[in-house]
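Working notes for the structure below.
Sequence positions, counted from 1, serve as the residue numbers for this chain.
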Amino acid sequence: VTANKNEKKYRQMASSQTILDDVFRFAEKYKYDPMAISASLMVVAKTIYLNRLGPEQTQLMIHLFADNLEQPHIEKVTIH
């Protein structure tokens, strides 16, 4: 069982590194187009939230973000 956990962690780390490499290549390619980078980051964040939290919590997170755009301070919010 431990070998399977270690193998899974390694695959996740390798996958994470591949994703980071792709993100850095994309950012370098579009470094003069901040809107493309921002939109891409929003899509990535939404996908992560969907995969980790599910659709209801994702919707809540996105609404919290949008609702707080006009507020000058940032408040930490934890959703469990």
Side-chain angles (χ1 to χ4, degrees):
V1 175
T2 303
N4 286 338
K5 281 186 178 183
N6 289 336
E7 184 178 327
K8 185 176 179 180
K9 280 185 182 181
Y10 174 77
R11 277 188 271 135
Q12 286 175 338
M13 286 180 5
S15 176
S16 295
Q17 186 60 48
T18 300
I19 292 167
L20 287 174
D21 291 344
D22 290 345
V23 168
F24 284 117
R25 275 193 294 278
F26 181 86
E28 183 62 30
K29 182 177 179 180
Y30 294 99
K31 65 183 169 186
Y32 299 111
D33 189 357
M35 292 300 290
I37 293 172
S38 297
S40 298
L41 291 173
M42 289 177 70
V43 169
V44 170
K46 181 190 82 165
T47 302
I48 291 169
Y49 291 147
L50 280 170
N51 290 337
R52 295 290 180 153
L53 302 175
E56 290 176 12
Q57 294 293 333
T58 298
Q59 185 177 15
L60 179 59
M61 291 291 291
I62 290 172
H63 281 289
L64 286 170
F65 173 77
D67 289 345
N68 289 312
L69 287 177
E70 294 181 11
Q71 293 183 6
H73 71 282
I74 297 175
E75 181 181 328
K76 283 188 173 183
V77 178
T78 303
I79 298 175
H80 296 281

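Expressed to the nearest 0.5 Å, how far CD of Q57 lies from CG of L64 amounts to 9.5 Å.
Every residue two or more places apart in sequence or in another chain that forms a side chain to side chain contact (heavy atoms under 4.5 Å, CB included) with F26 is listed here: Y30, I37, S40. Listed by chain and number, the residues in a side chain to side chain contact (heavy atoms under 4.5 Å, CB included) with N51 are T47 (sequence neighbours excluded). Partners of D21 according to the side chain to side chain donor-acceptor pair (under 3.5 Å) rule, which considers only residues two or more places apart in sequence or in another chain, are Q17.
Residue pairs meeting the ring pair (Phe, Tyr, Trp, His ring centres under 6.0 Å) criterion with at least one partner in residues 45-65, sequence neighbours excluded, are absent. For residues 39-66, there are no salt bridge (charged side-chain N to carboxylate O under 4.0 Å, His left out) pairs, not counting sequence neighbours.
The hydrophobic cluster containing L50, built from Ile/Leu/Val/Met/Phe/Trp/Tyr side-chain heavy atoms closer than 4.5 Å, comprises no other residue.
The closest side-chain heavy-atom distance from D22 to R25 is below 4.5 Å.
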